[in-house]
Visitor: 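Pasting a structure here, questions to come.
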Amino acid sequence: MERYDKERLVETVLYVLNKTGELDYYTLLKTIYFAELKHLAKWGQRITADDVCAMPYGPVLSHLLDAIKGDSHEPELSRMLKSAFKFASEDASNIMLPLRQANEEYLSESEKEALDASILENASLSFEQVKNKSHDSIWLKNYREGKGKKVIAMMDLAVSAHASDAMKEYIKENLEIERALAA
């Protein structure tokens with residue numbers, strides 16, 4: 001992941017934490033995931049460059065989860081996050097508190113709109129509610145195929161997002177262009 005992508009990811013986390021005041025990291029990850037789906041369905045692009053993986057408790061941004069838990073293969077991302085949030089206390093070791101305001105210049109208006117909608121829909125849900133909401137057929141297919149940690153393809157995310165057929169075609173064309181340019 002490029003440095004700019006890491007910075008955007010940190011600012012996305014801070015944006016959500018600033019809006020909620022505090023959040024457990026599971027709900028934070030799901031709130032960002034559902035915002036990703038909203039943005040993908042409407043605009044054909046995700047908010048972050050992080051891999052979405054099918055994990056036991058549902059789809060999750062994998063680099064972000066690893067960095068939050070301190071298991072990161074991205075030490076720079078871990079350092080950046082440590083200066084952006086703290087855990088509430090030993091008794092509430094999964095509750096994240098922001099240490100500063102997000103730099104919203106990293107986020108477009110459409111991204112903030114998707115994040116705000118996802119915060120409204122997901123931030124107050126229980127663990128069980130948000131888990132059940134994220135366990136759809138696309139997650140299940142990828143989880144079974146990957147035996148626990150498989151990157152979910154962009155087109156599968158578009159299906160989870162209930163993107164229109166026209167938007168799926170747009171996403172598919174953009175993926176083909178990216179592959180051609182990378183060759």
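All heavy atoms count here, side chains included; hydrogens, waters and symmetry mates do not. It should be emphasised that the depicted structure is a prediction, and the values quoted were computed from it without experimental measurement.
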Visitor: Determine the minimum heavy-atom distance between Ala161 and Ala41, stating which atoms define it.
Guide: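 The pair with the smallest heavy-atom distance is O-CB, 3.5 Å.
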Visitor: Could you check whether any side-chain N or O of Glu11 sits under 3.5 Å from a backbone N or O of Ala102, counting only pairs where one atom can act as donor and the other as acceptor?
Guide: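 Looks like no, no N/O pair under 3.5 Å.
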Visitor: Within the 4.5 Å heavy-atom criterion, are Phe85 and Leu97 side-chain neighbours or not?
Guide: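 Not touching, per the 4.5 Å side-chain cut-off.
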Visitor: Starting at CG of Leu140, measure out to CD of Glu145 and round the result to the nearest 0.5 Å.
Guide: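 Separation between the atoms: 10.0 Å.
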Visitor: Determine, step by step, whether Glu111 and Arg8 satisfy the salt bridge (charged side-chain N to carboxylate O under 4.0 Å, His left out) criterion, reporting the C-alpha distance in whole Å, the side-chain angles of both residues, the deciding distance to 0.1 Å, and the verdict.
Guide: CA-CA 11 Å; Glu111 291 166 340; Arg8 278 182 44 85; 2.8 Å; yes
Visitor: Do you know which two heavy atoms are closest between Leu23 and Ala123, and how far apart they sit?
Guide: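 Looking at all heavy atoms of both residues, the closest pair is CD1-O, 3.8 Å.
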Visitor: Ignoring hydrogens and angles, tell me if any N or O in the side chain of Asp156 forms a donor-acceptor pair with the backbone of Ile152 under 3.5 Å.
Guide: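 Not confirmed, Asp156 side chain does not pair with Ile152 backbone.
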Visitor: Go through the steps to decide whether Val60 and Tyr33 satisfy the test side chain to side chain contact (heavy atoms under 4.5 Å, CB included), and finish with yes or no.
Guide: CA-CA 7 Å; Val60 69; Tyr33 167 73; over 6 Å; no
Visitor: Salt-bridged, Glu76 to Arg79, with N to O below 4.0 Å?
Guide: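 No, this pair does not count.
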Visitor: Could you pull out the closest heavy-atom pair between Gly21 and Pro98, with the gap in Å?
Guide: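 For Gly21 versus Pro98, the nearest heavy atoms are O-CD, 3.2 Å.
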Visitor: Report the distance from atom CG of Asn132 to atom OG of Ser126, rounding to the nearest 0.5 Å.
Guide: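 Atom-to-atom, Asn132:CG and Ser126:OG are 8.0 Å apart.
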Visitor: Evaluate the side chain to side chain contact (heavy atoms under 4.5 Å, CB included) criterion for residues Leu175 and Glu178: first the C-alpha distance (whole Å), next the side-chain angles of each, then the deciding distance (0.1 Å), finally the verdict.
Guide: CA-CA 5 Å; Leu175 290 170; Glu178 286 178 20; 4.2 Å; yes
Visitor: Report yes or no: does Asp50 contribute a side-chain atom to a donor-acceptor pair with the main-chain N or O of Leu64 at less than 3.5 Å?
Guide: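 Yes; judged by distance alone, with no hydrogens or angles, the pair exists.
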Visitor: Working to the nearest 0.5 angstrom, can you tell me the gap between Thr27 OG1 and Ile119 CD1?
Guide: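 The OG1 atom of Thr27 sits 12.0 Å away from the CD1 atom of Ile119.
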Visitor: Decide yes or no for Lys42 and Ser110: does some side-chain heavy atom of the first lie under 4.5 Å from some side-chain heavy atom of the second?
Guide: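 Side-chain contact under 4.5 Å: no.
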Visitor: Quick one, Glu176 with Arg179, criterion salt bridge (charged side-chain N to carboxylate O under 4.0 Å, His left out). Give me CA distance, side-chain angles, the key distance, then yes/no.
Guide: CA-CA 5 Å; Glu176 289 171 3; Arg179 278 191 283 273; 5.1 Å; no
Visitor: For Met1, does its backbone N or O pair with a side-chain atom of His63 as donor and acceptor, under 3.5 Å?
Guide: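 Absent.
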Visitor: Donor-acceptor pair, distance only, cut-off 3.5 Å: does the side chain of Asn103 make one with the backbone of Glu105?
Guide: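 The answer is yes, because a donor-acceptor pair under 3.5 Å joins these two groups.
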Visitor: Minimum heavy-atom separation for Ala158 and Lys168, please, with both atom names.
Guide: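 That would be CB-CG, 4.1 Å.
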Visitor: Nearest 0.5 Å, please: how far is CD1 in Ile32 from CG in Leu37?
Guide: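 Rounded to the nearest 0.5 Å, the CG-CD1 separation comes out at 12.5 Å.
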Visitor: A side-chain contact here means heavy atoms from C-beta on lying under 4.5 Å apart; do Leu115 and Thr12 qualify?
Guide: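 In short, these two side chains touch, coming nearer than 4.5 Å.
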Visitor: Quick one: closest heavy-atom pair of Met154 and Leu40, and the distance?
Guide: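 Looking at all heavy atoms of both residues, the closest pair is SD-CD1, 3.7 Å.
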Visitor: Quick one, Met155 with Lys172, criterion side chain to side chain contact (heavy atoms under 4.5 Å, CB included). Give me CA distance, side-chain angles, the key distance, then yes/no.
Guide: CA-CA 7 Å; Met155 292 309 298; Lys172 182 180 173 187; 4.1 Å; yes
Visitor: So, Tyr4 versus Tyr106, ring centres under 6.0 angstrom or not?
Guide: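 Ring centres of Tyr106 and Tyr4 closer than 6.0 Å.
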Visitor: Just wondering, do Phe87 and Ile95 contact through their side chains at under 4.5 Å, heavy atoms?
Guide: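 Side-chain contact under 4.5 Å: no.
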Visitor: Atom CD in Glu7, atom CE in Met80: separation rounded to 0.5 Å?
Guide: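 So the gap between those two atoms works out to 4.5 Å.
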Visitor: Tell me every residue that passes salt bridge (charged side-chain N to carboxylate O under 4.0 Å, His left out) with Glu104, counting only those two or more places apart in sequence or in another chain.
Guide: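 Testing Glu104 for salt bridge (charged side-chain N to carboxylate O under 4.0 Å, His left out), a comparison that skips the adjacent residues, returns Lys112.
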Visitor: I want to check something: taking the side chain as every heavy atom from C-beta on, are Ser160 and Phe34 in contact at a cut-off of under 4.5 Å?
Guide: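 A side-chain contact under 4.5 Å is absent here.
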Visitor: Do any N or O atoms from the side chain of Tyr26 and from the backbone of Tyr57 form a donor-acceptor pair under 3.5 angstrom?
Guide: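 Yes; at least one donor-acceptor contact below 3.5 Å.
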Visitor: Test side chain to side chain contact (heavy atoms under 4.5 Å, CB included) on Tyr25 and Lys69; report intermediate values, then the result.
Guide: CA-CA 9 Å; Tyr25 70 81; Lys69 291 172 71 177; 4.2 Å; yes
Visitor: Would a single hydrophobic cluster contain both Leu99 and Leu81, if residues Ile, Leu, Val, Met, Phe, Trp and Tyr are joined by side-chain heavy-atom contacts under 4.5 Å?
Guide: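 Each belongs to a different hydrophobic cluster.
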Visitor: Please round to the nearest 0.5 Å and tell me the distance separating atom CG of Leu157 and atom CD of Glu36.
Guide: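 Between Leu157 CG and Glu36 CD, I get 8.0 Å after rounding to 0.5 Å.
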Visitor: Side-chain heavy atoms nearer than 4.5 Å, only ILVMFWY residues, links allowed to pass through others: does that put Met96 and Phe127 together?
Guide: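 Yes, Met96 and Phe127 fall within the same hydrophobic cluster.
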Visitor: Determine whether Lys30 and Asn122 satisfy the following criterion, side-chain hydrogen bond (donor to acceptor under 3.5 Å, both in side chains), listing intermediate values before the conclusion.
Guide: CA-CA 8 Å; Lys30 296 301 183 192; Asn122 302 295; over 6 Å; no
Visitor: Could you tell me whether a side-chain N or O of Arg100 sits under 3.5 Å from a main-chain N or O of Ala84, the two making a donor and an acceptor?
Guide: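 No, the answer is negative, given that no donor and acceptor are paired below the 3.5 Å cut-off.
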Visitor: Going only through I, L, V, M, F, W and Y residues with side-chain contacts under 4.5 Å, is there a path from Trp43 to Tyr170?
Guide: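 In one cluster: no.
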Visitor: Does the side chain of Glu74 come within less than 4.5 Å of Lys6's, by heavy atoms?
Guide: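 A side-chain contact under 4.5 Å exists here.
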Visitor: Applying salt bridge (charged side-chain N to carboxylate O under 4.0 Å, His left out), can you list everything that pairs with Lys82, at least two apart in sequence or on another chain?
Guide: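 With sequence neighbours excluded, Lys82 shows a salt bridge (charged side-chain N to carboxylate O under 4.0 Å, His left out) to no residue whatsoever.
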Visitor: Kindly give the heavy-atom pair with the smallest separation between Trp139 and Gly58, and that separation in Å.
Guide: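 That closest heavy-atom pairing would be NE1-CA, 3.3 Å.
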Visitor: Do side-chain atoms of Arg46 reach the backbone of Ala35 as a donor and acceptor pair under 3.5 angstrom?
Guide: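 Absent.
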Visitor: Using side-chain heavy atoms (C-beta onward) and a distance below 4.5 Å, is Met167 in contact with His162?
Guide: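 Side chain of Met167 against side chain of His162, heavy atoms only: no contact under 4.5 Å found.
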Visitor: Which residue in the set Ile68, Asn94, Thr20 passes side chain to side chain contact (heavy atoms under 4.5 Å, CB included) when paired with Leu28?
Guide: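 Of the listed residues Ile68, Asn94, Thr20, the side chain to side chain contact (heavy atoms under 4.5 Å, CB included) partner of Leu28 is Ile68.
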Visitor: Quick one: salt bridge (charged side-chain N to carboxylate O under 4.0 Å, His left out) partners of Glu121, sequence neighbours excluded?
Guide: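 In terms of salt bridge (charged side-chain N to carboxylate O under 4.0 Å, His left out), with neighbours along the sequence ignored, Glu121 is linked to Lys38, Lys133.
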